[in-house]
Protein chains: 2
Amino acid sequence: MSNKPADEINENGTGFIKNVAIDTVIFGFHDNLLRVLLSAYKNTNYFALPGGFIREKENLHDAARRVASERTGLDDIYLEQFYVFGDYSRYDPQPFKVIMEANGNRPSESHWLLQRFISIGYYALVDFTRATPTPAAIFDSCNWYDLNNMPELIQDHSKIITKALEVLRANLDHKVVGYNLLPESFTMGELQKLYETILSKKLLRPAFQRKMLSLCILERVAKKYSGGAHKAPYLYRFVTGE
Amino acid sequence: MSNKPADEINENGTGFIKNVAIDTVIFGFHDNLLRVLLSAYKNTNYFALPGGFIREKENLHDAARRVASERTGLDDIYLEQFYVFGDYSRYDPQPFKVIMEANGNRPSESHWLLQRFISIGYYALVDFTRATPTPAAIFDSCNWYDLNNMPELIQDHSKIITKALEVLRANLDHKVVGYNLLPESFTMGELQKLYETILSKKLLRPAFQRKMLSLCILERVAKKYSGGAHKAPYLYRFVTGE
DNA sequence: CCAAAAGTGTTGCTTCTACACCCATGA
DNA sequence: TCATGGGTGTAGAAGCAACACTTTTGG
């Protein structure tokens, strides 16, 4: 939970469901690295996952989509609910107290943001080249960090990312992941690099190519002349069924 | 959400987290049928999943375990969090209003149980022969219903069961399910019947037997002389690693 | 003509499917 | 001894890992 617009910061959180937060793990892929969007709070050393809250009459999914959209500038985002984090031990209001104080607020102990939150985790898969990381108004910046080189995160946000990656990996087999993380067209090599990065292991090139083509979800578009001294790879794109 | 003890029924739900419910789909297996525990409210025609709420300092998992334990009398229950139901359209306070009125209460519109709830779904797998369905104090009865022959349920509880079954099926491959749904010892035929019931399809006997044995999680205990005019099957049990 | 990367062929192993066969049991 | 259900054997198909080979590109 983070990135709240200014008007959300009032003592009792009018208009929002209390004690429930949404944390989104927004994955992007670039330069052969899997990255996530993190918010950095101004005037503090705190980093956190993009998060938000559910409006009183808002669908849970829509709230997650709203958060992911506001941070990326995209409006057609692939989202997957992956886990709920509900241990009482994750209750840690200290960071928010510091953040608010660093920004000139003096919240009372009963401020709604200082209460316990049950956090519903969503992961998003976005096309790195189309997303424009956008910090929430006033409060923070927002940037990509690769998974192997992340700053320390508040609360249990590191664990949330770990769990998101775990579920993403488990879903690799039966859900099409590349469609959301890659640009419109891409080479088979790029697709393989994506899979290898998510799984953290090498895959055999011939096997991967055949497996992907056997799914009948890819079509060849054209060849890509990269200027490299080697055979030009085909470009592929996902067939959308239209 | 249902089965609340009397002391939970006060206007503002003191001691509980508001707007969040837990619904548990408690599966049991008996007579070759997959069954779920349903609560029937007295003085109404309403049936619902066993449910409950999270105490202010209680872990989410512990709240789910508490609900499942109270309904079954068991204390070592296998639980799996499977989905969160958060559409605003599922908000339907009517049944609770009727239930409370049928039991002599006159809740105000602002009664906490008549507010919107986001419901966290857990499924439980229990040994039918050990569970003793126990209704929550005063309010309702509690019984097994087989999946193909269920009463109409309040709100979106049917959809919740459908989703639970979906996830249970998906988990059949990589989680050991029989251990929790069967008694201490069982025949290979019984285990196969369980799988066939969950998947709603026939499996090949030799293949099933070999697959199960190849997992090295079963050990033979003894033969079972059923009195039937046929070869006595072996009894198996899950090796626990002790 | 060479190096590098992409695409395809092939071989052998493992796994699964489908059916056949044998074994034990009590009427 | 027969019907019934449980356990095992096995041939063929399918799938996959591993490696070899061919093709294309620019230096």
Side-chain angles (χ1 to χ4, degrees), chain A residues 29 31-33 169-170 172-174 176 178 182-239, chain B residues 29-33 169-170 172-174 176-178 182-239:
Chain A
F29 182 67
D31 283 344
N32 293 340
L33 285 171
R169 277 180 185 164
L172 255 196
D173 285 330
H174 42 96
V176 182
L182 291 175
E184 172 85 20
S185 64
F186 47 87
T187 67
M188 192 60 78
E190 287 163 352
L191 185 62
Q192 182 174 345
K193 273 283 187 298
L194 169 62
Y195 272 68
E196 289 179 342
T197 305
I198 293 174
L199 295 172
S200 291
K201 70 173 179 187
K202 287 271 167 212
L203 301 172
L204 293 170
R205 195 168 52 85
F208 183 80
Q209 168 130 350
R210 269 188 282 259
K211 185 165 202 169
M212 284 300 135
L213 292 179
S214 74
L215 297 175
C216 295
I217 51 172
L218 293 179
E219 65 176 354
R220 280 183 177 166
V221 184
K223 286 201 176 185
K224 182 186 177 187
Y225 294 87
S226 63
H230 52 74
K231 185 171 179 176
Y234 288 103
L235 286 173
Y236 294 88
R237 61 172 207 174
F238 286 95
V239 295
Chain B
F29 183 68
H30 190 62
D31 283 344
N32 292 341
L33 285 172
R169 277 180 186 165
L172 255 196
D173 284 332
H174 41 98
V176 182
V177 159
L182 292 174
E184 171 88 19
S185 63
F186 47 87
T187 68
M188 192 60 77
E190 286 163 352
L191 184 62
Q192 183 173 346
K193 273 282 189 295
L194 169 63
Y195 272 68
E196 289 180 341
T197 305
I198 293 175
L199 294 172
S200 292
K201 70 172 180 188
K202 288 270 166 212
L203 300 173
L204 293 170
R205 194 167 52 85
F208 183 81
Q209 168 128 353
R210 269 188 282 259
K211 186 166 203 168
M212 285 300 135
L213 293 178
S214 74
L215 298 175
C216 296
I217 52 171
L218 294 177
E219 64 176 355
R220 281 184 176 164
V221 184
K223 286 202 178 185
K224 182 186 178 186
Y225 293 87
S226 61
H230 52 75
K231 183 172 180 177
Y234 287 103
L235 285 173
Y236 294 88
R237 60 172 206 175
F238 286 95
V239 295

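Protein chains get the first letters and strands the later ones, always in sequence-line order, with residue 1 at the start of each. Computed from heavy atoms alone, side chains included, the values below leave out hydrogens, waters and symmetry copies.
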- Task: Could you check how far CG of B/L191 sits from C1' of D/dG6, rounded to whole Å?
- Result: 14 Å
- Query: Starting at the 5' end of DNA chain D and moving along, which residue's nearest nucleotide shows up first, A/K211 or A/A232?
  - Reply: A/K211
- Integer-rounded Å distance: C/dT15 C1' and B/L215 CG: 14 Å
- Closest-nucleotide 5' rank along DNA chain D - winner of A/S226 and B/P233: B/P233
- Message: I need the OH-P distance between A/Y225 and D/dT23, as an integer number of Å.
- Response: 16 Å
- Query: With respect to the side chain of B/P206, which nucleotide from D/dA17, D/dT25, C/dC19 is positioned closest?
  - Reply: C/dC19
- Whole Å only: how far is the NZ atom of B/K224 from the P atom of C/dT25? 14 Å
- Return no unless some side-chain N or O of A/Q209 is found under 4.0 Å from OP1 or OP2 of C/dA6. no
- Message: Quick check: B/Y234 with B/F186 (ring centres under 6.0 Å apart)?
- Response: no
- Do B/R205 and D/dG5 have a side chain to base donor-acceptor pair shorter than 3.5 Å? no
- Among D/dG7, D/dT23, D/dT25, find the nucleotide with the atom closest to the side chain of A/K223. D/dT25
- Taking atom P of D/dT10 as reference, at what distance in whole Å does atom CG of B/L204 sit? 19 Å
- Query: Is it true that B/E190 and B/K224 make a salt bridge, defined as a side-chain N closer than 4.0 Å to a carboxylate O?
  - Reply: yes
- Query: Atom CZ of B/F208 and atom P of C/dT15: how far apart are they, to the nearest Å?
  - Reply: 19 Å
- Taking N and O atoms by type only, does the side chain of A/R210 place a donor or acceptor under 3.5 Å from a partner on the base of C/dG9? yes
- Note on the structure: To the nearest angstrom, the NE2-P distance between B/H230 and C/dC22 comes to 21 Å
- Query: Can you tell me if B/E219 uses its side chain to pair, donor with acceptor, with the backbone of B/R237 under 3.5 Å?
  - Reply: no
- Task: For residues A/Y195 and A/F29, establish whether the separation of their ring centroids is below 6.0 Å.
- Result: no
- Return yes if some donor-acceptor pair links the side-chain N/O of A/H230 with the main-chain N/O of A/S226 below 3.5 Å, else return no. no
- Message: What is the distance, to the nearest angstrom, from the NZ atom on A/K231 to the P atom on D/dT24?
- Response: 6 Å
- Distance test, side-chain N/O of B/Y234 to OP1/OP2 of D/dG6, below 4.0 Å: no
